[in-house]
Structures are given as C-alpha cells and as structure tokens.
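A short write-up of the structure that comes next.
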Amino acid sequence: MSLASGPGPGWLLFSFGMGLVSGSKCPSQCQCLVQEVTCTGMRLTEYPPDIPLNTRRLYLNDNAIMVLPAMELGLLSDLVYLDCHDNLIGELMDYTFVGVSKLIYLDLSSNNLTSISPYGFSVLGNLVHLNISNNPHLSSLNRYTFANTSSLRYLDLRNTGLQTLDHAAFQGLLTLHTLYLSGNPWRCNCSFLDFTIYLIVTHLNHPDAPNATCVAPMELAGWPIAQVGNPLRYMCITHLDQQDYLFLLLIGFCIFSAGTVAAWLTGMCAVIYQHTHRKSSETEDEDEHGQRVRVARQIFKSRADSGHDGFPQLI
Ligand SMILES: *[C@@H]1O[C@H](CO)[C@@H](O)[C@H](O)[C@H]1NC(C)=O
Ligand SMILES: *[C@@H]1O[C@H](CO)[C@@H](O)[C@H](O)[C@H]1NC(C)=O
Ligand SMILES: *[C@@H]1O[C@H](CO)[C@@H](O)[C@H](O)[C@H]1NC(C)=O
Ligand SMILES: *[C@@H]1O[C@H](CO)[C@@H](O)[C@H](O)[C@H]1NC(C)=O
Ligand SMILES: *[C@@H]1O[C@H](CO)[C@@H](O)[C@H](O)[C@H]1NC(C)=O
C-alpha cells in the first residue's frame, strides 16, 4: 500500500499507538453486530474503548457518560448513527464531531448540555436528524450553531432552557421540515420578532406548536410563538422609547432650522435679484427709449431744481 493513497503515516502511527486498529474487538459491556455497536443501559461513565473502526451505528444511550472524546469518536469515520440519549454530557466543543462528518442521525437528548460551541456541528453537513431536547440547562444557541448543517430535516429543541433564538441561525437550514420548540421559556420581546416572522413565512411543520408558548412579556404570556409574529410586530414597530422621541424631536428641529435657513436664503436671493434687476432695467430703459426717459428726467430735474426743500420729488 502506497503512503500517498492511505490516510497518512502520522495517522496510522497514532492509531497503532492507541491500539485501536484491530477491527475485531468489541467493548466488554457492549454487543457488536455487523457495523453496529450497542452499549445501551450499561452504566458506563466513560466512552467505551475498543469500538470497531468500521462501526456505522453506535448506541450509547442510557448510561452516565459525561464527555464525548473527540479523538476516539473521530476514529469511527464511517459513523452515520449516534444515539447518546440519557447520559450526562455537559458540553460540546468545536472539535467533538470533527472526525465523524458522515453522521446523519445524532441524538443528544436528555443529557445535561449547558453549552454547544458555535462550531460544534460545523462539519456535520450530512446530518438529517438532530435531537437536543431535554437539556434543561441549555440557555442559548449561537447563531452559527447550524450554519453548516444544511441537510437538517428534523430538529428537536423541546424542554431546553432556551429563551430566545436568532433567526439568522436558521438561514442555512433550507431543507428543515420539522421543528419542535415546546417546553421552553420563550421571551417574546422585540429581539424575538424576526424569529417569529421566520416561523410564519417558512411553513415548517411544528407538531407541538400549541405548546410552544411565550412566558414573557405579560401581555403575550401563553401565546403560541407561531402566532405571536403579528402582535409582536405591532408592539415593536409602533412602540416608541424615550430616545425615539428625542430622535424625532431632533429631526423636527433640523427640518425646522433647515426650512428657516432656506426661507431666509430665498428672501435674500429675491431681494438681490430685484435690486440688480431694477438697476439693469433703468440703464436698459435709457438705451432703448432714450428720448422718453430723458424727457422724464428733465421733468424730474426741473422739479428738483424748483423744489423748495431741495429734495427731488416724484411725479
Ligand atoms: C448539570 O449541569 C449543571 C450546571 O453545569 C450542574 O450544576 C449539575 O450538577 C449537572 N447535573 C448533573 C446530574 O451532572
Ligand atoms: C462548512 O463546511 C464547509 C464545507 O463543508 C467548510 O469549508 C467550512 O469550513 C465549514 N464551516 C465551518 C464554520 O466549519
Ligand atoms: C428526541 O428525544 C426525546 C427524548 O429522548 C424523544 O421523546 C423525542 O421523540 C425525540 N425527538 C424526535 C424528533 O425524535
Ligand atoms: C429579549 O430577551 C432575551 C432573552 O432573555 C435577551 O437576551 C434580550 O436582550 C432581550 N431583548 C430585548 C430587546 O429586551
Ligand atoms: C401539549 O402539552 C400537553 C400537556 O403537557 C400534552 O398533553 C399535549 O399532548 C401536548 N400537545 C402537543 C401537540 O404536544
């Protein structure tokens, strides 16, 4: 076997070093069938060693595993199905799933997830089914969490501590079909508006829609979030804060001052125009109707001469 076609000498050495290349082993507490390993309910507290490298389906559910080790998991490069429900996994790192990019099904429900790194799922471009329900301490999801999981069709976010979601997090999920959102303390404030609009315009399937309700604010408590888009839009768009009023006042003042200045300038222009126009029309008159003007001037002059007070008088 040439080195160029293999996975690389470093990786092979590393694998030999870990003693994990022998595909015939099976973890002592697990059952191994063809490309399928089942370790359900074995009170495991750690990820089991010696999982065959060609495993495609792995059941680790109903144990007490606290950490999914990226290195050991990454050896299972053919893994498509990973069930970890009912464990004690606390967090997912950027690199947790970096070696298992073929995953199609991932169940992390009923764990103790408190945080998911923004790029935790970023290599899972084939993932179709993701279940992170029943992780009550998960309070937020980053807007990049689903940026690359573009094949996702089923997403279960029930009974997490999620209070809000950024609609931008769902923009890459063009094939999303079914979304579960109930059992979460949704805060239906103005930051949530875009997500509620997204729910209205995308026509996703929400099997639990009546149970996905707002807990705050008071006026919207108990409303299903799938129906709250329009009242929320009304509230958020017509509601003005103190600073909005200040802003409006400022704008008004600007318009007023601009108007005043414009009016003043117009007035000035009119006066200047009239002034120059009068002057030029006087000389023009002289040029065109020289005689008549001269006659008028003479009358004017003679009157001025004859005036007692010395001031010229108009006719
Ligand atoms: C779950 O996580 C929380 C917060 O990190 C921690 O306080 C709690 O002890 C964890 N629960 C279990 C059963 O490990
Ligand atoms: C998303 O996937 C693409 C290709 O699969 C990759 O190049 C990119 O780095 C991934 N993004 C992240 C944030 O990992
Ligand atoms: C997600 O997991 C929970 C608990 O394990 C289960 O009840 C639920 O049916 C799962 N959701 C989906 C969409 O399979
Ligand atoms: C809305 O609620 C979320 C979650 O509590 C909070 O992070 C956000 O700052 C709130 N937004 C506004 C505009 O109050
Ligand atoms: C809503 O919650 C109630 C009580 O928890 C439950 O009986 C019902 O089946 C739920 N409905 C849906 C559509 O999930």
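What you see below is based on every heavy atom in this structure, not just the backbone, and it leaves out hydrogens, waters and symmetry mates. Small disclaimer: the values here were computed from a predicted structure and weren't measured. Residues take their numbers from the sequence shown, with the count starting at 1.
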>> Please check: side-chain N/O of Ser150 versus main-chain N/O of Gly172, any donor-acceptor pairing under 3.5 Å?
In response: no
>> With heavy-atom distances below 4.5 Å as the criterion, would you say the side chains of Leu127 and Leu106 are in contact?
In response: yes
> Has the side chain of Asn63 got a donor or acceptor atom that lies under 3.5 Å from a matching backbone atom of Ile65?
Replying inline: no
Side-chain donor-acceptor distances from residues 93-100 under 3.5 Å, at least two apart:
unit_1	atom_1	unit_2	atom_2	d
Asp94	OD1	Ser117	OG	2.1
Asp94	OD1	Tyr119	N	3.4
Thr96	OG1	Met93	N	2.9
Thr96	OG1	Met93	O	3.4

> Between Ser151 and Asn126, do the side chains contain an N or O donor and an N or O acceptor separated by less than 3.5 Å?
Replying inline: no
>> What's the separation between atom NE2 in His177 and atom NE2 in His129, rounded to the nearest 0.5 Å?
In response: 13.5 Å
>> Let me confirm one number: the CG-NZ distance from Leu53 to Lys25, rounded to the nearest 0.5 Å.
In response: 10.5 Å
> Using a side-chain heavy atom cutoff under 4.5 Å and only I, L, V, M, F, W and Y, what cluster partners does Leu88 have?
Replying inline: Met66, Val67
> In chain order, what residues pass the side chain to side chain contact (heavy atoms under 4.5 Å, CB included) check against Arg233, with sequence neighbours excluded?
Replying inline: Leu193, Ile197, Asn230, Ile237
>> Going by side-chain hydrogen bond (donor to acceptor under 3.5 Å, both in side chains), name the residues that satisfy it together with Asp86, two or more places apart in sequence or in a different chain.
In response: none
> Under the side-chain hydrogen bond (donor to acceptor under 3.5 Å, both in side chains) test, which residues partner Asp208, sequence neighbours left out?
Replying inline: Ser182
> With side chains defined as the heavy atoms from C-beta onward, is the minimum distance between Asp78 and Leu76 less than 4.5 Å?
Replying inline: no
>> With clusters defined by side-chain heavy atoms of hydrophobic residues (ILVMFWY) lying less than 4.5 Å apart, directly or transitively, does Leu162 cluster with Leu181?
In response: yes
>> Please find the pair of heavy atoms, one from Asn142 and one from Ala169, that lie closest to each other, and give the distance.
In response: O-CB, 4.1 Å
> Under 4.5 Å between side-chain heavy atoms, hopping through other hydrophobics if needed: is there a path connecting Val228 to Val201?
Replying inline: yes
> Heavy atoms, side chains only, cut-off 4.5 Å: are Leu68 and Ile89 in contact?
Replying inline: yes
> So, do Leu204 and Thr178 sit near enough that their side-chain heavy atoms are less than 4.5 Å apart?
Replying inline: no
I'd like a table of donor-acceptor pairs (distance under 3.5 Å, sequence neighbours excluded) in which one partner is a side-chain atom from residues 27-44, with atom names and distances.
unit_1	atom_1	unit_2	atom_2	d
Thr40	OG1	Asn61	OD1	3.1

> What's the spacing between Thr196 OG1 and Tyr198 OH if we round to 0.5 Å?
Replying inline: 12.5 Å
> Taking the side chain as C-beta and beyond, is there a heavy-atom pair between Thr202 and Phe170 under 4.5 Å?
Replying inline: no
>> If the condition is side chain to side chain contact (heavy atoms under 4.5 Å, CB included), which residues does Ala168 pass it with, not counting sequence neighbours?
In response: Arg143, Asp166, Gln171
> Leu173 and Thr175: side-chain contact (heavy atoms from CB on, under 4.5 Å), yes or no, with the steps?
Replying inline: CA-CA 6 Å; Leu173 303 184; Thr175 58; over 6 Å; no
> Between atom CG of Asn131 and atom OH of Tyr180, what is the distance when rounded to the nearest 0.5 Å?
Replying inline: 9.0 Å
> Of the non-hydrogen atoms in Leu108 and Leu92, which two are nearest, and what is the gap between them?
Replying inline: CD1-CD1, 3.5 Å
> Taking the side chain as C-beta and beyond, is there a heavy-atom pair between Ile51 and Leu58 under 4.5 Å?
Replying inline: yes
> Does Tyr81 have any side chain to side chain contact (heavy atoms under 4.5 Å, CB included) partners at least two apart in sequence or in another chain, and if so, which?
Replying inline: Arg57, Tyr59, Asp83, Tyr105
> Is there a side-chain contact (heavy atoms from CB on, under 4.5 Å) between Leu141 and Leu165 once you walk through the steps?
Replying inline: CA-CA 7 Å; Leu141 282 179; Leu165 280 175; 4.0 Å; yes
>> Can you tell me which residue among Thr160, Thr213, Asn159 is in a side chain to side chain donor-acceptor pair (under 3.5 Å) with Asn184?
In response: Thr160
Quiz: residues 257-269 side-chain donor-acceptor pairs under 3.5 angstrom, not counting sequence neighbours:
unit_1	atom_1	unit_2	atom_2	d
Ser257	OG	Phe253	O	2.5
Thr260	OG1	Phe256	O	2.8
Thr266	OG1	Ala262	O	2.6

> Which residue pairs pass the disulfide (SG to SG under 2.5 Å) test when at least one of the two sits in residues 111-194, sequence neighbours left out?
Replying inline: Cys188-Cys214, Cys190-Cys236
>> As a quick check of understanding, evaluate side-chain contact (heavy atoms from CB on, under 4.5 Å) for Leu232 and Leu220, giving each step before the final call.
In response: CA-CA 9 Å; Leu232 201 57; Leu220 295 176; 3.6 Å; yes
>> Nearest 0.5 angstrom please: Asn87 CG to Tyr47 OH, how far?
In response: 12.5 Å
> Considering all heavy atoms of both residues, which atom of Leu176 and which atom of Arg153 are nearest to each other, and what is their separation?
Replying inline: CD1-O, 3.6 Å
> Are Leu82 and Leu60 close enough, and set up right, to give a side-chain contact (heavy atoms from CB on, under 4.5 Å), and what steps lead you there?
Replying inline: CA-CA 8 Å; Leu82 178 59; Leu60 297 175; 4.2 Å; yes
> Taking the side chain as C-beta and beyond, is there a heavy-atom pair between Ile116 and Phe121 under 4.5 Å?
Replying inline: yes
> Nearest heavy-atom pair of Leu113 and Ile132: which atoms, and what distance?
Replying inline: CD1-CG2, 4.1 Å
>> Quick check for you: to the nearest 0.5 Å, what is the distance between Ile225 atom CD1 and Ile200 atom CD1?
In response: 10.5 Å
>> Same cluster or not: Ile255 versus Phe247, using hydrophobic residues (I, L, V, M, F, W, Y) connected whenever any side-chain heavy atoms lie under 4.5 Å apart?
In response: yes
>> Is the shortest side-chain heavy-atom distance between Arg56 and Lys102 below 4.5 Å?
In response: no
> Hydrophobic cluster mates of Val271, side-chain heavy atoms under 4.5 angstrom, ILVMFWY only, any path?
Replying inline: none
> At their closest point, which heavy atom of Trp223 faces which heavy atom of Pro231, and how far apart are they?
Replying inline: CZ3-CG, 3.4 Å
> Who passes side chain to side chain contact (heavy atoms under 4.5 Å, CB included) against Gln227, sequence neighbours left out?
Replying inline: Pro224
